[in-house]
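First the structure, then my questions, so here it is.
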Amino acid sequence: MRVMVLVKATEESEAGRMPNRDELNEMGKFNEQLVKAGVMLVGEGLSSSKDGKRVRFEPDKKLVVIDGPFTETKELVAGFWIWEVASLEEAVEWLKRSPFQDAEVEIRRVSQPEDFGDAFTPEMQAHEEQLRAEAASRIQ
């Protein structure tokens, strides 16, 4: 199963504090373990919300754009991974090896085509796969 591992923001990350060399080295070692085990598919850190925008869709197709920073730090994400694991429990076991201290991480299963039932027709699935292949070819 694929899971998204969401690293929650902290006051420090929202203030724009970047990891120091030792922290980057430890995270690099952890990421290397994940890659060598075939677990990590993608992983990225995010800039603070002051550099972001929040887009809210309202009735009648009204679009509201809100500039960052956003106030509820505990609800923000500072980084993420996409992992391929056998279970949520395996993802938790991997996180036990992480160099995090004083952090909160959320693990969510990535939806699969069968989760959408008959509404996601074979034609739609084929088109989605085509789009994914095209998008993947652009990743550097």
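Residue numbers run from 1 in the order of the sequence given. Given the structure is predicted, the values throughout are model-derived calculations rather than measurements.
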* Roughly how far apart are E11 CD and S48 OG, rounded to 0.5 Å? -> 13.0 Å
* **Close side-chain approach of L6 and V105, heavy atoms under 4.5 Å** =>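 Answer no - side chains too far apart.
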* **Q33 and W94, any side-chain heavy atoms less than 4.5 Å apart** =>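 Side-chain contact under 4.5 Å: yes.
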* To do: Please round to the nearest 0.5 Å and tell me the distance separating atom CG of D115 and atom CZ of R109.
  =>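 Output value for this atom pair is 4.0 Å.
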* Examine I66 and L63 and state if one hydrophobic cluster contains both, with Ile, Leu, Val, Met, Phe, Trp and Tyr joined whenever side-chain heavy atoms are less than 4.5 Å apart. =>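 Different hydrophobic clusters.
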* To do: Check whether any side-chain heavy atom of E14 lies under 4.5 Å from a side-chain heavy atom of L76, and answer yes or no.
  =>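 E14 vs L76: side chains touch.
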* To do: Would you mind reporting whether M40 and N31 have side-chain heavy atoms less than 4.5 Å apart?
  =>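 Yes. Closest side-chain heavy atoms under 4.5 Å.
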* Are E26 and K29 within salt-bridge range, i.e. N to O under 4.0 Å? -> yes
* Asked: From Q125 CD over to Q112 CD, what is the distance, rounded to the nearest 0.5 angstrom?
  -> 10.5 Å
* If you measure from CZ on R132 to OG on S137, what distance do you get to the nearest 0.5 Å? ->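 Interatomic distance, R132 CZ to S137 OG, rounded to 0.5 Å: 14.0 Å.
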* From CA spacing to verdict: side chain to side chain contact (heavy atoms under 4.5 Å, CB included), W81, M4 -> CA-CA 6 Å; W81 288 284; M4 177 176 255; over 6 Å; no
* Can you check whether P19 reaches M27 side chain to side chain, under 4.5 Å on heavy atoms? -> no
* Nearest 0.5 Å please: distance from the OG atom of S49 over to the CD atom of E72. =>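 The OG atom of S49 sits 11.0 Å away from the CD atom of E72.
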* Identify whether the distance between the nearest side-chain nitrogen and carboxylate oxygen of R108 and E106 falls below 4.0 Å. =>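 Looking at R108 and E106, the cut-off is met.
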* Any side-chain heavy atom of V64 sitting closer than 4.5 Å to one from V55? -> no
* To do: Would you check if T10 and E104 make a side-chain contact, meaning some heavy-atom pair closer than 4.5 Å?
  => no
* To do: Determine, step by step, whether V7 and F100 satisfy the side chain to side chain contact (heavy atoms under 4.5 Å, CB included) criterion, reporting the C-alpha distance in whole Å, the side-chain angles of both residues, the deciding distance to 0.1 Å, and the verdict.
  => CA-CA 10 Å; V7 180; F100 288 123; 3.7 Å; yes
* Would you please test R56 and R54 for side chain to side chain contact (heavy atoms under 4.5 Å, CB included) and show each step? => CA-CA 7 Å; R56 185 172 56 233; R54 187 171 280 166; 5.8 Å; no
* When you measure from the side chain of D60 to the backbone N and O of K62, does any donor-acceptor pair fall under 3.5 Å? ->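 Not a single qualifying donor-acceptor pair exists.
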* Calculate, to the nearest 0.5 Å, the distance between atoms CD and NZ belonging to E93 and K96 respectively. =>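 Between atom CD of E93 and atom NZ of K96 there are 3.5 Å.
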* Do W83 and R2 come close enough that some side-chain heavy atom pair is under 4.5 Å? -> no
* Salt bridge R17-E23, side-chain N to carboxylate O under 4.0 Å -> yes
* Steps toward side chain to side chain contact (heavy atoms under 4.5 Å, CB included) verdict (L95, I107) -> CA-CA 10 Å; L95 282 171; I107 306 166; 3.5 Å; yes
* Flag, side chain of E32 to backbone of G28, donor-acceptor distance under 3.5 Å ->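 The answer is no, because no donor-acceptor pair under 3.5 Å joins these two groups.
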* L41 pairs by side-chain contact (heavy atoms from CB on, under 4.5 Å) with which of V3, I82, V110? ->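 Passing option: I82.
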* To do: Look at the rings of F116 and F120 and say which category their plane angle falls in: under 30° parallel, 30 to 60° tilted, over 60° perpendicular.
  => perpendicular
* Quick check: are there more than 12 heavy atoms from other residues, nucleotides or ligands sitting under 6.0 Å from CD of E58? -> yes
